[in-house]
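Some notes on the structure that comes next.
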Amino acid sequence: MMQAVCVDVPGGPENLLLRSVPRPQPKDGEVLIKVHATALNRADLLQRRGLYPPPPGESDIIGLEVAGTVDTLGPGVKRGWKPDDRVMALLCGGGYAEYVAVPEQLLMPVPPNLTLCQAAAIPEAWLTAFQLLVFVAQVKEGEVVLAHAGASGVGTAAVQLVRLFGAVPVVTAGSPEKLKMAESLEAAAGFNYKEESFAQGVHDFTGGKGANVILDCVGGSNWEQNVSSLAIDGRWVLYGTMGGRAVEGDLLGKLLSKRGHLLCSLLRSRSLQYKTDLVEAFSQRVLPRFSEQGASLRPVIDSTFNLESIAEAHRHMEANRNMGKIVINVIPQEEETQKY
């Protein structure tokens with residue numbers, strides 16, 4: 001048996017229950033991970049409310065990423081993982097637990113200079129940002145990339161990756177503190193969407209040319225400013241609808257006049273082969289940059305909570321208080337709010 005967070009009735013954070021459940025057994029080609037830490041994602045909040053169920057056949061325990069150590073190998077594992085190896089992994093679910101079984105292709109080695117707590121902040125956010133920039137938008141050197149929610153987990157990863165790929169990151173966020181955080185990661189400009197038109201900000205920054213790529217987790221409420229911000233032939237990549245799904249007005253006409261591309265992407269529902277290709281590309285192009293001399297990349301951690309405080313962690317994210325990732329220590333540590 002193991003401890004895991006369960007949701008019997010969809011609803012608020014108070015419906016997250018820690019209890020004993022059967023430990024998963026690794027199937028063919030799977031590795032059982034002893035989880036040291038997991039991290040929160042917006043999708044977790046939706047799943048808790050019953051709005052984002054796991055793909056068929058996957059664990060109904062919440063949690064899309066973990067870091068820990070290899071416990072046992074299932075039959076047919078081929079990639080040379082060994083017990084006690086430090087690993088991090090992308091999941092379809094099951095992260096809020098002491099153990100999780102994962103296809104071996106979705107494991108990555110933890111960079112040697114990072115703690116397991118820091119590593120838990122990498123898989124979902126960094127693979128999402130990498131996927132959006134490389135697989136979907138195919139960002140090119142010198143292009144301007146506008147990332148909404150620039151101080152979020154995906155946002156802080158995207159700013160660093162855009163710089164790594166030789167492009168120019170600009171962001172939106174809802175407070176001066178969040179903009180300062182993004183600028184500390186070398187965002188070239190930041191716009192407080194609560195106080196100014198980010199479309200005007202992008203226009204001024206680019207000399208009227210607009211952003212070549214927009215990474216958008218907001219959706220509906222931003223559509224007019226997004227189209228206004230978009231460069232001719234630009235790519236608007238939608239990966240969330242935190243600002244609503246409905247759109248009223250001349251979206252298609254305005255997008256057509258920009259010859260704009262509207263690209264939509266999710267990660268959780270992708271095939272195992274797609275995720276395998278994504279993990280391999282990320283491992284080759286990005287992962288070494290966390291640990292090389294003068295490491296240029298770092299996961300940004302807002303705060304850490306123990307598993308018993310999972311409801312409080314959800315409330316912290318729902319209040320939009322976090323800058324960077326909220327990490328959950330499954331093996332208890334001191335709870336803290338320091339920045340790494």
Looking at Arg19 and Asp8, is there a salt bridge between them, counting it only when a charged N and a carboxylate O are closer than 4.0 Å?
yes

Any donor-acceptor pair under 3.5 Å linking the side-chain atoms of Tyr274 with those of Gln131?
yes

Are Leu133 and Gln138 side-chain neighbours, meaning at least one heavy-atom pair lies under 4.5 Å?
no

Presence of salt bridge, Lys275 and Glu124, under 4.0 angstrom:
no

Any Lys/Arg nitrogen of Glu312 or Arg315 sitting under 4.0 Å from an Asp/Glu carboxylate oxygen of the other?
yes

Minimum heavy-atom distance between Ala89 and Leu107, given as atom pair plus value
CB-CD1, 4.1 Å

Is it the case that the side chains of Thr38 and Glu65 hold a donor-acceptor pair, with the cut-off being a distance below 3.5 Å and no angle test?
no

Would you mind checking if Glu58 and Arg268 are paired as a salt bridge, meaning a charged N to carboxylate O distance below 4.0 Å?
no

Just checking, any donor-acceptor pair under 3.5 angstrom between side chains of His316 and Arg321?
yes

Electrostatic pair Glu318-Arg48, nearest N-O below 4.0 angstrom
yes

Regarding Glu143 and Arg235, does a basic nitrogen lie under 4.0 Å from an acidic carboxylate oxygen?
yes

Do the non-hydrogen side-chain atoms of Cys6 and Tyr96 ever get within less than 4.5 Å of each other?
no

